[in-house]
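Since the structure comes first, as structure tokens, the remarks are kept for the end.
Chain A is the first sequence line, chain B the second, and so forth, proteins listed ahead of strands; every chain is numbered from 1.
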Protein chains: 2
Amino acid sequence: MSLRYALLGLLADEAGSGYELTKKFERSLDRYAWHAKHNQVYQELNRLAADGLAEVVEEGARGRKTYAITEAGRADLRQWLLNPPRNPVVRNEFVLRLFLLFALDPKEARVVLAEYAAAVQRDLDALTALVESADVDPADGVLPDPLAFGHLAAGFGLHMLPASRDWAHWAIAQIDNWTEEGEEKSEAEDGARGA
Amino acid sequence: MSLRYALLGLLADEAGSGYELTKKFERSLDRYAWHAKHNQVYQELNRLAADGLAEVVEEGARGRKTYAITEAGRADLRQWLLNPPRNPVVRNEFVLRLFLLFALDPKEARVVLAEYAAAVQRDLDALTALVESADVDPADGVLPDPLAFGHLAAGFGLHMLPASRDWAHWAIAQIDNWTEEGEEKSEAEDGARGA
DNA sequence: AGAAGCATGTAATGAGTTACATGATTTG
DNA sequence: CAAATCATGTAACTCATTACATGCTTCT
């Protein structure tokens, strides 16, 4: 049911067509919260309309339909937000890969971790630039609504990305520390190799 | 295919029966990395055996079968670890809910965030206790293998949980700051209420 | 002997992916 | 007018969940 609520959430922010919602999904939810493809979005929008949680408010060129959330939809979304499922589904291929690194030898694991840290840093730089470009000076009294869609999510990224980068660096240090212990000798035989 | 690699990873750590692997899955991967139910585990083990990536090495009481990873399985796992899928799947009902909080009014969102922060803190306390009880003094020279299964994962939790707790507190502060701006008056009318 | 938990599975359904299909509009 | 991108969908398949089913072993 999560896809359903993800879409209701996007619709609660503003009405949109399947195409627009798919794009918004990719920009806002796809990376950290929920993943879905365009055809799944279209199908779920049909179901939401059939169940009275959303409705078509406009039909445009080449079959374009704009959906809006209904009162029933808002109520349903609100209930879901207030009553969390007790065993939320978590699937993360990134993290899975990182957790299974022990199956590689230390050198290989080190490379994977370094690449991961670099990718996270790139994401963080991009997000920082995005936030700065959109920011309102907090000193001028006209604070942006902190619940505005995207604001909490951006803050989430700004908190979590440095933590996962730091974890990767910590893991690399653990490995380096340990391999030195085990084989003090092999220091010289192997020059630096960039990734 | 992620479930397949999750199981190969667990088997790379040590051989086990479907039941044992299910339990290990729940303890180690379920919360942050990948989620699966027992029947899916059994089915995937059958497929792994059919594909020659795992093999039954022991049959015990009441149909119990112990599986071990094969060389082909190790090679397959290694390839997956070294060649990440470019668009890893991420699904997280927790995060989804948090991203959609804007659909609640500030007071309700605040409560959800406070409960979330408290739950994260409980997880962190439990993990800290677990790590301390299992820890070897790093000063005595006998460092544990940093790639030992669970070590990297535990470190991940120790890095990420504080960050997500801090994010929740930041989000609450944002909301408080903003609602004060908007309605300086309502300060007195509402006493403290514990969650 | 009965209850709790061990241990493995099947069947039906629902959610998600991949591949395919189609046509309109905008941009160069 | 050709290419890119907008825009929506269907069909077949695989992955995942829910509900059901079965029998063993250990503990009380």
| task | Please lay out, stage by stage, how B/Gln121 and B/Asp125 fare under the test side-chain hydrogen bond (donor to acceptor under 3.5 Å, both in side chains). | result | CA-CA 6 Å; B/Gln121 184 62 51; B/Asp125 291 343; 2.9 Å; yes

| query | Within the distance-only criterion (no hydrogens, no angle test), does the side chain of A/Ser2 pair as donor or acceptor with the backbone N or O of B/Glu93 below 3.5 angstrom? | reply |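 Here the side-chain-to-backbone pair does not exist.
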
Can you tell me the distance, in whole Å, between the [atom1] atom of [X] and the [atom2] atom of [N]?
| X | N | atom1 | atom2 | result |
| --- | --- | --- | --- | --- |
| A/Tyr5 | C/dA15 | OH | C1' | 15 Å |
| A/Glu44 | D/dT8 | CD | C1' | 16 Å |
| B/Met1 | C/dT17 | CE | P | 13 Å |
| B/Asn87 | C/dT17 | CG | C1' | 13 Å |
| A/Leu45 | C/dG16 | CG | C1' | 16 Å |
| B/Arg91 | C/dA15 | CZ | P | 12 Å |
| A/Lys37 | D/dA7 | NZ | C1' | 18 Å |
| B/Gln43 | D/dC20 | CD | P | 18 Å |

| query | Looking only at heavy atoms, what is the nearest atom pair of B/Leu113 and B/Ile175, with distance? | reply |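 Minimum heavy-atom contact is CD1-CD1, 3.8 Å.
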
Short N-O contact, [X] and [Y], less than 4.0 angstrom:
| X | Y | result |
| --- | --- | --- |
| A/Asp76 | A/Arg4 | no |
| A/Glu20 | A/Lys23 | no |
| A/Lys24 | A/Asp13 | yes |

| task | May I ask you to decide if the ring planes of A/Trp167 and A/Trp170 are parallel, tilted or perpendicular, using 30° and 60° as cut-offs? | result |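 Plane angle between 30° and 60°, so tilted.
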
| query | Considering only D/dT17, D/dA16, C/dG16, which nucleotide approaches the side chain of B/Leu3 most closely? | reply |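 Ranking D/dT17, D/dA16, C/dG16 by closest atom to the B/Leu3 side chain puts D/dA16 first.
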
| query | Where the side chain of B/Gln40 is concerned, which of C/dT17, D/dA16, C/dG16 is the nearest nucleotide? | reply |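 Ranking C/dT17, D/dA16, C/dG16 by closest atom to the B/Gln40 side chain puts D/dA16 first.
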
| request: Remember a base hit wins even if backbone is also touched, and classify B/Arg4 as base, sugar-phosphate or nothing at under 4.0 Å, heavy atoms. | output: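 It contacts nothing in the nucleic acid.
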
Polar atoms only, N or O, under 3.5 Å: list the protein pairs with nucleotides 6-9 of chain C and their distances.
from  : atom 1 : to      : atom 2 : distance (Å)
C/dC6 : OP2    : B/Tyr19 : OH     : 2.8
C/dC6 : O5'    : B/Tyr19 : OH     : 3.4
C/dC6 : O2     : B/Arg62 : NH1    : 3.2
C/dT8 : OP1    : B/Lys65 : N      : 3.3
C/dT8 : OP2    : B/Tyr19 : N      : 2.6
C/dT8 : OP2    : B/Tyr42 : OH     : 2.7
C/dT8 : O5'    : B/Tyr42 : OH     : 3.4
C/dG9 : OP1    : B/Lys65 : NZ     : 3.1
C/dG9 : O6     : B/His38 : NE2    : 3.2

